Amino acid sequence: MLENFKSHIEQNLYFLSDKKLLIANSSGLDSIVLTNLCVNAGLTVSLAHCNFNLRGKESDGDEEFIMDLGEELDLEVFVQHFDTKAYAKENKLSTQEAARNLRYQWFADLAKALNFDFILTAHHLDDNLETFLINFSRGTGLDGLTGIPEINGNIVRPLLPFSREQIEVYAIENNFKWREDSSNATTDYLRNKVRHDIIPTLKNITPQLLANFQNTTSHLKEIRDIVDDRIDEISDLIIEEIDEYSLHFNSEEILKLNNPKAYLYQILKEYKFTEWNDVYDLLEAQSGKIIYSEKYRLLKDRKYIILSEKKSSDNVQDFVISEDLNEVNFGNATLIFSIADSINEPSQNSLHADFDTLNFPLKLRRWQEGDYFYPLGLGGKKKLSKFFKDEKFSKIEKEESWLMTSQGNIVWVLGHRMDERFKVTSKTKQILKADFLLNNLKSED
């Protein structure tokens, strides 16, 4: 197996050969074999072990075992203790979900702090089949049927081509010691039921199950590559606008596609929407209809479906600007204040106001129904809602608009229009300049 492992690294994971690697080691069979294979293959590795404090002395024994292994192989070992049950309760997660979140977050933090290039986990072919069957039983798309990715960012799984049987035979042949997690024997968890009950039955029915599974996932991955290429091509046609707040999809163009529902799923799947029939119905819905996922929303606005982050309570906070304040950060933007000698390079993102017309402190706030102002150059009063309509603001753009006010009067619709009452004139003695800088928002996975 060592020679096959070396060959796999050289042919498919060659980038690991000169990198600093962190192995997630639980003290179980798979991670013990992975550690020894990496050491014997000449890779530069350290070990990371999580003590989840779920099995009392057994958990402590696993930790001690890893420390001894590190000493035996002359490897650096990192250990972290977690109060997993408290974390699970606080975040309303199952114990297994909590452990997974804690584990991967710590690995990521450790890798960043100590400059590890990649994190290696010991998932193998049988694990991949288990994941496939679990995803299939729950209902999934193409990605769920391609199993565990061998490379996912800086996480690499070098044992994925190898079966548990191969791993166990190699360990026994080399007299390796490892520890058995007693929780793996119970069938209280879905994965264990699949592992102990379903897969052995399938292997009895089809002895070549693992080989057939490898061939199937290989074909599915090839199909996924074709789908991804097509989605990239279509995205260029249907995404008409990308701004700091949102993506605008042309619903009319989507409806021209064969099977638009399938395209919507592939384009939007990473945003974790679940009610796909409702998402599809947005294509022909009335303006104003909204569909939510945990962190995102889809809004139908005229001929567009607009994707944006869900608004949080932080986004509606008011901000106070004192006379001596030079800079204020709010929402996803920054305002920088200065005193100007004249109006140079006027733009929508810069305010030049007569300082003496302003009453401090100023306030930054979101717009409200009933707001009105005197748009510069219009020569009269206008409701802000009418201004937004005339300027063809989308619903999201209206929600994300900020106002600068002075004693309740609108001074500036940031990035768009200032109020006539505060403009610079020939009688102006001092000019307040404010530069409005937007920071692009990045959606989270």
Side-chain angles (χ1 to χ4, degrees), residues 22-28 30-31 47-67 77-114 119-123 127 130-131 133-140 143-144 148-149 152-155 157 179-198 269-275 291-297 309-317 442-445:
L22 182 68
I23 297 178
N25 197 312
S26 66
S27 80
D30 309 330
S31 52
L47 306 181
H49 176 75
C50 300
N51 187 332
F52 294 109
N53 291 295
L54 293 172
R55 293 175 289 115
K57 291 183 179 180
E58 189 177 341
S59 293
D60 295 336
D62 293 344
E63 178 182 332
E64 184 178 350
F65 183 89
I66 292 299
M67 297 302 296
V77 179
F78 302 93
V79 175
Q80 182 70 288
H81 286 246
F82 298 104
D83 189 344
T84 310
K85 289 185 177 179
Y87 178 85
K89 182 177 180 180
E90 179 182 348
N91 293 277
K92 299 180 180 179
L93 300 171
S94 70
T95 302
Q96 289 177 309
E97 289 176 315
R100 185 183 188 281
N101 290 354
L102 290 168
R103 176 169 63 246
Y104 279 104
Q105 185 57 59
W106 179 55
F107 292 158
D109 293 342
L110 197 58
K112 183 177 181 180
L114 299 178
I119 300 162
L120 307 187
T121 70
H123 293 90
D127 292 326
E130 292 167 14
T131 299
L133 292 172
I134 290 170
N135 289 343
F136 178 77
S137 69
R138 290 172 171 169
T140 186
D143 287 340
I148 303 171
N152 186 13
N154 69 336
I155 297 175
R157 301 176 173 99
R179 287 174 63 84
E180 293 288 352
D181 184 340
S182 60
S183 66
N184 288 335
T186 178
T187 56
D188 292 342
Y189 306 118
L190 175 59
R191 183 171 290 274
N192 286 353
K193 289 178 182 178
V194 172
R195 178 178 302 167
H196 297 306
D197 298 336
I198 297 175
K269 62 186 178 182
E270 66 183 283
Y271 301 100
K272 303 295 190 295
F273 291 95
T274 55
E275 301 299 327
I291 303 296
Y292 294 96
S293 69
E294 182 180 352
K295 296 181 179 179
Y296 303 96
R297 70 177 183 179
E309 293 183 43
K310 285 172 69 172
K311 293 173 66 65
S312 69
S313 57
D314 290 341
N315 288 339
V316 296
Q317 176 184 353
K442 176 79 173 75
S443 296
E444 190 178 333
D445 180 356

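Everything numeric in this text was worked out from a predicted model, so none of it was measured. Along the sequence shown, residues carry numbers from 1.
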Q | A111 to N154 - nearest heavy-atom pair and separation | A | CB-ND2, 4.2 Å
Q. For N135 and G144, which heavy atoms make the closest approach, and how far apart are they?
A. ND2-O, 3.0 Å
Q) Heavy atoms, side chains only, cut-off 4.5 Å: are R138 and L190 in contact? A) yes
(Q) Testing the basics here: between Y292 and R297, what is the closest heavy-atom pair and its distance to 0.1 Å? (A) CD2-CB, 3.6 Å
**Q.** Y271 and Y296 aromatic ring geometry - parallel, tilted or perpendicular at 30°/60° bounds
**A.** perpendicular
Q) Would R195 and E130 pass as an ion pair if we require N to O under 4.0 Å? A) yes
Q: Using modelled atom types only, decide if a donor and an acceptor are shared between the side chain of R103 and the backbone of A24 within a distance under 3.5 Å.
A: no
Q.
Return the CD1 to NZ distance between I134 and K193, rounded to the nearest 0.5 Å.
A. 11.0 Å
Q: Could you tell me which non-hydrogen atom of F82 sits nearest to which non-hydrogen atom of N53, and how far apart they are?
A: O-ND2, 3.0 Å
Q) Between OG of S293 and CD of E270, what distance do you get to the nearest 0.5 Å? A) 11.0 Å
Q: Report the C-alpha separation of L22 and F78 in whole Å, then their side-chain angles, then the decisive distance to 0.1 Å, and conclude whether the side-chain contact (heavy atoms from CB on, under 4.5 Å) test is met.
A: CA-CA 9 Å; L22 182 68; F78 302 93; 4.1 Å; yes
Q) Looking at R55 and D60, does any basic side-chain N land under 4.0 Å from a carboxylate oxygen? A) no
Q: Decide side-chain contact (heavy atoms from CB on, under 4.5 Å) for Y104 and T121; before the verdict, give the C-alpha distance in whole Å, the side-chain angles of both, and the deciding distance to 0.1 Å.
A: CA-CA 10 Å; Y104 279 104; T121 70; 4.1 Å; yes
Q) Between D127 and R191, does at least one N-O distance fall below 4.0 Å, as a salt bridge requires? A) no
Q) Atom OG1 of T95 and atom CZ of R100: how far apart are they, to the nearest 0.5 Å? A) 15.5 Å
**Q.** Short side-chain donor-acceptor distance under 3.5 Å, D109 and Q105
**A.** yes
Q) Would you find a donor on one side and an acceptor on the other, under 3.5 Å apart, between the side chain of H123 and the backbone of R157? A) no
(Q) Within the structure provided, determine whether V79 and M67 are in side-chain contact (heavy-atom separation under 4.5 Å). (A) yes
**Q.** Nearest-0.5 Å distance, CG of residue L110 to CD1 of residue I119
**A.** 8.0 Å
Q: Among C50, S27, S31, find the one that has a side-chain contact (heavy atoms from CB on, under 4.5 Å) with I66.
A: S27
Q) How many angstroms lie between atom CD1 of I155 and atom CD1 of I148, to the nearest 0.5 angstrom? A) 11.5 Å
Q | Separation between CG of N25 and CZ of F65, rounded to the nearest 0.5 Å | A | 8.0 Å
Q: Enumerate the residue pairs fulfilling side-chain hydrogen bond (donor to acceptor under 3.5 Å, both in side chains) with a member in residues 78-93, sequence neighbours excluded, ordered by first and then second residue.
A: E63-H81
